[in-house]
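Chain identifiers are assigned alphabetically (A, B, ...) following the order of the sequence lines, protein sequences preceding nucleic acid strands; residue numbering begins at 1 within each chain.
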2 protein chains.
Amino acid sequence: MTQEIGRRPNIYDVASAAGVSKSLVSLVLRGAPGVSPARRAAVEEAIERLNYRPSRAAATLAGNRSRTIGVVLDDYRNLWFVDLLAGLHDQLAPLGFRVAVADPSFNAHLDRTPVDGLMSLRVDGIVIATEPTEEMFAAVDVPVVVAGNRDMAVPGADVVANDDMMGGRLATEHLIGLGHREIGHVSGGGGAARLRAQGYDTAMRERGLRPHIARGQGLTTESDGYQAALKLLDESPSLTAIFAANDTMALGAAGAARDRGRRIPEELSLIGYDNSPLASANLLRLTTIDGRNAEVGAGAAKALLNRMEDRAVQIGTMLVEPELVIRASTAAL
Amino acid sequence: MTQEIGRRPNIYDVASAAGVSKSLVSLVLRGAPGVSPARRAAVEEAIERLNYRPSRAAATLAGNRSRTIGVVLDDYRNLWFVDLLAGLHDQLAPLGFRVAVADPSFNAHLDRTPVDGLMSLRVDGIVIATEPTEEMFAAVDVPVVVAGNRDMAVPGADVVANDDMMGGRLATEHLIGLGHREIGHVSGGGGAARLRAQGYDTAMRERGLRPHIARGQGLTTESDGYQAALKLLDESPSLTAIFAANDTMALGAAGAARDRGRRIPEELSLIGYDNSPLASANLLRLTTIDGRNAEVGAGAAKALLNRMEDRAVQIGTMLVEPELVIRASTAAL
DNA sequence: TCGTGTTTCTGGAGCGCTCCATTTTTATCC
DNA sequence: GGATAAAAATGGAGCGCTCCAGAAACACGA
């Protein structure tokens, strides 16, 4: 036994324990074809016996790639990303790729942007699931796709998103179809919110209805939704329905409705956006727009994979069609 | 210019651009003392000019440590982890450590447990913020702390958690103090829930009150809370208050109360646990127990740091005192 | 001016893998 | 059975850093 105690086993330890070369161990590790079943079994047995865990650092360094896709999130509290990650994961994991999320309150002491952190990890691709900024793209030479936001036309970066404008229209037309005419919109900061508002605005004007939009102080949090909805209800008491730019803001709007004594859906219809876990909560049973984030995630994965094979291929912008999910927060007037 | 195009700059490129040795660049990178200001500036300028991003893979491999702490989460939908991460981050980031979260729906294709993935990353420590299982500890030779769960007495692993039993008692005593006598408890799976139930049970029995505990089908989700609360309300209509094992289940319980026509807090007081972002939502204004997860995170970070310096030091179990946060979901009987 | 101590800087070795060219083994056919 | 092709296995080079021992530069008192 040449292995000293206290040292983590490496690929050579496994090789000698299995009676093969380190290269063969490497092949087994990567699931390469063309390894005889007998040797493969011997290597796997040795791995198990030694409790060997390959060093990703060494693999990344030697292979000049990490087989990891980085995801930049914005806020854990807004749960729209959960399905996005699931969609990414489902596509990527079978191909041996890992998904690494960059902490939203990212390691600012060490990097200027979350993307820096991912680049120093040598990720093979990046999904940006937050408002993109110019500086994020500064030092990136791997495929990038922006998910869920069509705001920024980044040369060379694909965009996969749900069609927010269509979703805004869908939500609004659902309410109009239920007989509502006085419909308010609770909006927030950011590109997706802007497009949703635009869809709302178009749908309203097409029917000759007057849009009422209130925007919260901050971005798209519950309290922003609460404040904006309060404003809407106070300034336009004749409103019979509210479309909120996302489910979290819809939760805020539901609070505002309760505080103004407006029962949902009897006295006020409410529709959200994202079909997040929150929307299915029994207290809300929120009618919402499902942006089909799992499919957005899957699309982002495919875009990345395409571009990793061939940098020239570009899908440009891919839009996923959103769907109306009717629950109990909207009712006929 | 010796740097070929198309290749990422490495430490040698920076060194020659700055007219120093690679070792000096390494020192600057790590913020080491004893580098003259002039050289430091030259190196930083070169880094900037070349858009250099150090390879963490190489640094990890060479240094035999990643300066990263891994966190194992269970479910992104249950937001109690948000403050925990913040607490960890605040302690660790100033010391140059990164925080890496292991995806809950972890890369099962590649690892047997989320911990495997972190070990192959060569993290310097691990925080387990989910139900620990035996196999998680199998191949781990770095400091581990279990956060938020006291269930498992793992030899050699510190435990930092809020005092769930005390919290359960606090919640129950708050309700008793408001005059409630018929108090139900909505519980869930997992060790923390068990302790909270125990605190509830003790507080009830001490006052000679009969405990009513309902447990959902699954673990601790909204729908588990909904079902359990429905059962409670239907089987014991005389209940005037419900203590839910966490805020997510309390959301479910609020739904059940609404569906049974019990207004909160007029006809039913409701108290949750965790003081998650959900609890402060205007619709709920949920009275809850704040487990002070940021402090739990900070404590976990300190425990890890201690043990990284000296493997023998052990804090054992550290309990953070929970606090009652009174909002609007509980009222005097 | 020179020695001595201190601060600053440097080159070499090596971390644990992957990739590639090459060698060895096995299978196939005449 | 031997030549040839295909499959399986191997050794060496090198990825980009950190760490360490030692060299160079500098400071200062005798």
Side-chain angles (χ1 to χ4, degrees), chain A residues 2-4 6-44 46-47 50-68 96 110 119-124, chain B residues 2-4 6-43 46-47 50-68 96 110 119-122 124:
Chain A
T2 48
Q3 194 197 333
E4 310 144 41
R7 192 172 54 76
R8 283 194 189 150
N10 62 23
I11 202 171
Y12 286 93
D13 298 322
V14 174
S16 70
V20 301
S21 72
K22 58 148 202 357
S23 301
L24 208 253
V25 177
S26 174
L27 291 172
V28 171
L29 247 30
R30 286 173 285 147
V35 175
S36 69
R39 300 282 175 104
R40 185 182 297 276
V43 169
E44 281 166 353
I47 287 174
L50 299 184
N51 227 330
Y52 167 73
R53 296 285 174 277
S55 161
R56 236 142 90 195
T60 298
L61 182 58
N64 200 30
R65 71 235 207 72
S66 58
R67 300 191 153 275
T68 299
L110 303 164
M119 287 310 291
S120 72
L121 251 189
R122 296 294 186 264
V123 294
D124 300 324
Chain B
T2 47
Q3 192 197 334
E4 310 144 40
R7 192 171 56 74
R8 283 191 190 153
N10 61 23
I11 201 170
Y12 286 94
D13 299 321
V14 174
S16 69
V20 300
S21 73
K22 61 154 199 356
S23 302
L24 209 250
V25 176
S26 175
L27 291 172
V28 171
L29 246 31
R30 285 173 287 148
V35 176
S36 68
R39 299 283 174 103
R40 185 182 297 277
V43 170
I47 287 174
L50 299 185
N51 226 330
Y52 167 73
R53 296 285 173 278
S55 161
R56 236 141 91 194
T60 298
L61 183 58
N64 200 30
R65 71 235 207 71
S66 58
R67 300 192 155 276
T68 299
L110 303 163
M119 285 311 291
S120 72
L121 251 189
R122 296 294 185 264
D124 300 323

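- To the nearest angstrom, P of dC17(D) lies 14 Å from CG of Leu27(B).
- Inspection of the Arg56(B) and Ser120(A) side chains reveals an N or O donor paired with an N or O acceptor under 3.5 Å.
- Residue Asn10(A) is in sugar-phosphate contact alone, with no base atom involved, counting any heavy-atom pair closer than 4.0 Å across all strands shown.
- Atoms CG (Leu29(A)) and C1' (dT18(C)) sit 11 Å apart, rounded to a whole Å.
- OP1 or OP2 of dC19(D) has at least one side-chain nitrogen or oxygen of Arg65(B) nearer than 4.0 Å.
- Taking only side-chain atoms of Arg30(B), from C-beta outward, the nucleotide of dT18(D), dT10(D), dC17(D) with the closest atom is dT18(D).
- If you measure from atom CZ of Arg8(A) to atom C1' of dG16(C), you get 12 Å, rounded to the nearest angstrom.
- When distances run from any side-chain atom of Ala62(A) to the nucleotides dG14(D), dT18(D), dT10(D), the shortest one goes to dG14(D).
- Between atom CZ of residue Arg122(A) and atom CG of residue Asn64(A) there is a gap of 7.5 Å, rounded to the nearest 0.5 Å.
- In the interface, the side chain of Lys22(A) is not paired with the base of dG16(C) through any donor and acceptor atom under 3.5 Å apart.
- Rounded to an integer number of Å, the gap from CG of Leu121(B) to C1' of dC17(C) is 15 Å.
- The side chain of Ser26(B) places an N or O atom within less than 4.0 Å of a non-bridging phosphate oxygen (OP1 or OP2) of dT18(D).
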Evaluation steps, side-chain contact (heavy atoms from CB on, under 4.5 Å), between Leu29(B) and Ile47(B): CA-CA 10 Å; Leu29(B) 246 31; Ile47(B) 287 174; 3.7 Å; yes

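- Between Leu61(B) and Leu24(B), it is Leu24(B) whose nearest contact on DNA chain C lies nearer the 5' terminus.
- Among dT10(C), dC19(D), dT10(D), the nucleotide with an atom closest to any side-chain atom of Val20(A) is dT10(D).
- With rounding to whole Å, Arg56(B) atom CZ is found 14 Å from dC17(D) atom C1'.
- For Ile11(B), the side-chain atoms get nearest to dT18(D) when compared with the rest of dT18(D), dT10(C), dC17(C).
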Working note: Tyr52(B) + Ile11(B), criterion side-chain contact (heavy atoms from CB on, under 4.5 Å); need CA distance, chi angles, decisive distance, verdict. CA-CA 8 Å; Tyr52(B) 167 73; Ile11(B) 201 170; 4.0 Å; yes

Does the pair Ser26(B) and Arg30(B) meet the rule for a side-chain contact (heavy atoms from CB on, under 4.5 Å), with working shown? CA-CA 6 Å; Ser26(B) 175; Arg30(B) 285 173 287 148; 2.7 Å; yes

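- When distances are taken from the side chain of Pro54(A) to each of dC17(C), dC15(C), dT10(C), the shortest belongs to dC17(C).
- Arg39(B) comes within contact range of the sugar-phosphate backbone alone, with a heavy-atom separation under 4.0 Å but no base atom that close.
- Close to dC17(D), at under 4.0 Å from its OP1 or OP2, lies a side-chain N or O of Tyr52(B).
- Here the CG-CG distance, from Asn51(B) to Asp13(B), works out to 12.5 Å after rounding to the nearest 0.5 Å.
- Heavy atoms of Ser23(A) sit under 4.0 angstrom from at least one base atom.
- Following rounding to the nearest Å, Ile47(B) (CD1) and dG16(D) (C1') show an atom-to-atom distance of 14 Å.
- One interatomic measurement links the two molecules: OH of Tyr12(A) to P of dC15(C), which rounds to 10 Å at whole-angstrom precision.
- Residue contacts for Ser55(B): at a heavy-atom cut-off of 4.0 Å it reaches the sugar-phosphate backbone alone, with no base atom in range.
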